[in-house]
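These notes concern the structure reproduced below.
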Amino acid sequence: MKKITLALLLMASLLVIKPAFCQYRFFDGNDWNALGALGLSKTEEKKLKMVFLKSAYETSLFNGAPVLALNPNATDFLMAYNTFIYNFPEIVDIYYSKPSNRDLPLFYALHVAEIVKNGGTDTDIQGYYKMITDKLKSVGIIGQGE
């Protein structure tokens with residue numbers, strides 16, 4: 001429990017640091033991959049990643065723009081939600097293992113993970129990635145050189 005508390009404090013400090021290339025700082029692939037360097041066991045690391053996934057998904061519900069196509073009113077919602085939380089860390093790990101994907105904030109990477117889960121092609125993923133990164137660059141959330 002101490003390690004998870006320490007990890008959460010470290011991640012909170014990472015969210016406050018603002019690099020020179022962007023106006024805002026979001027939890028992205030660089031932060032996601034840094035979780036592996038905290039010295040946590042694989043189980044603890046997965047639990048921590050699940051906390052971030054829950055936060056991103058639940059925030060998207062609260063904002064009225066769910067990042068995943070889970071229907072909160074469906075009778076099997078709890079099972080679908082728990083499956084998402086348990087299985088998506090590995091999909092996000094794979095996506096963020098590619099350095100060019102690490103600038104995408106977690107919120108948007110979750111949508112990419114859903115595209116993968118639903119059998120989307122590399123063309124689908126690259127099309128979404130280009131659309132989102134162009135938009136984030138246009139509003140100054142990520143740098144132009146990324």
Side-chain angles (χ1 to χ4, degrees), residues 1-70 72 78-146:
M1 190 63 178
K2 277 184 169 181
K3 286 184 179 181
I4 291 179
T5 303
L6 178 62
L8 288 173
L9 288 173
L10 176 63
M11 293 316 300
S13 70
L14 287 174
L15 294 174
V16 176
I17 299 168
K18 185 175 105 175
F21 64 82
C22 69
Q23 183 177 357
Y24 304 99
R25 180 71 170 106
F26 290 91
F27 187 90
D28 62 17
N30 297 303
D31 302 314
W32 182 268
N33 290 337
L35 296 175
L38 295 176
L40 302 172
S41 71
K42 289 293 179 188
T43 302
E44 291 171 323
E45 182 180 336
K46 183 170 183 170
K47 284 181 183 178
L48 186 56
K49 287 178 177 182
M50 289 166 57
V51 168
F52 283 103
L53 293 176
K54 286 178 185 180
S55 297
Y57 178 69
E58 291 169 9
T59 299
S60 74
L61 279 178
F62 182 74
N63 289 330
V67 69
L68 302 172
L70 297 177
L78 226 50
M79 187 168 61
Y81 176 76
N82 287 331
T83 299
F84 148 70
I85 293 300
Y86 187 78
N87 293 321
F88 269 46
E90 288 83 7
I91 297 172
V92 176
D93 283 343
I94 292 167
Y95 183 72
Y96 278 149
S97 69
K98 186 176 177 186
S100 62
N101 294 337
R102 293 181 188 153
D103 61 329
L104 197 64
L106 179 61
F107 180 84
Y108 299 104
L110 288 180
H111 186 71
V112 171
E114 185 169 27
I115 293 170
V116 171
K117 180 187 74 104
N118 292 331
T121 65
D122 284 343
T123 304
D124 297 331
I125 294 166
Q126 290 308 314
Y128 177 77
Y129 178 83
K130 180 173 178 7
M131 176 187 71
I132 291 302
T133 55
D134 287 352
K135 180 64 176 172
L136 294 175
K137 287 174 184 176
S138 75
V139 296
I141 291 178
I142 62 175
Q144 296 296 320
E146 315 239 335

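Keep in mind the model is a prediction, meaning the values are calculated, not measured. All residue numbers refer to positions in the sequence shown, counting from 1.
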Are the side chain of [X] and the backbone of [Y] linked by a donor-acceptor contact shorter than 3.5 Å?
X: Asp134; Y: Met131; answer: no
X: Asp28; Y: Asn30; answer: yes
X: Tyr96; Y: Leu106; answer: yes

Could you give the distance from [atom1] ([X]) to [atom2] ([Y]), rounded to the nearest 0.5 Å?
X: Glu45; Y: Lys42; atom1: CD; atom2: NZ; answer: 5.0 Å
X: Phe107; Y: Ile132; atom1: CZ; atom2: CD1; answer: 8.5 Å
X: Ile115; Y: Tyr95; atom1: CD1; atom2: OH; answer: 8.5 Å
X: Leu53; Y: Asn87; atom1: CG; atom2: CG; answer: 10.5 Å
X: Tyr86; Y: Lys47; atom1: OH; atom2: NZ; answer: 10.5 Å

Could you pull out all residues at least two apart from Val116 that satisfy side-chain contact (heavy atoms from CB on, under 4.5 Å)? Ile91, Ile125
Could you pull out the closest heavy-atom pair between [X] and [Y], with the gap in Å?
X: Ser97; Y: Arg102; answer: O-NH2, 2.9 Å
X: Val92; Y: Trp32; answer: CG1-CE2, 3.5 Å
X: Pro89; Y: Lys49; answer: CB-CB, 4.3 Å

Can you confirm whether Asp122 is buried at CG, in the sense that more than 12 heavy atoms of other residues, nucleotides or ligands lie under 6.0 Å from that atom? no
For residues [X] and [Y], determine if any side-chain heavy atom of one lies less than 4.5 Å from a side-chain heavy atom of the other.
X: Leu104; Y: Tyr129; answer: yes
X: Asp103; Y: Leu136; answer: no
X: Leu40; Y: Leu35; answer: no

Trace of the side-chain contact (heavy atoms from CB on, under 4.5 Å) decision for Leu48 with Leu38: CA-CA 11 Å; Leu48 186 56; Leu38 295 176; 4.1 Å; yes
Could you tell me which residues satisfy side-chain hydrogen bond (donor to acceptor under 3.5 Å, both in side chains) with Lys46, sequence neighbours excluded, listed by chain and number?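 Glu90.
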Which residues satisfy the side-chain hydrogen bond (donor to acceptor under 3.5 Å, both in side chains) test with Gln126, sequence neighbours excluded?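 Result, side-chain hydrogen bond (donor to acceptor under 3.5 Å, both in side chains) vs Gln126: none returned.
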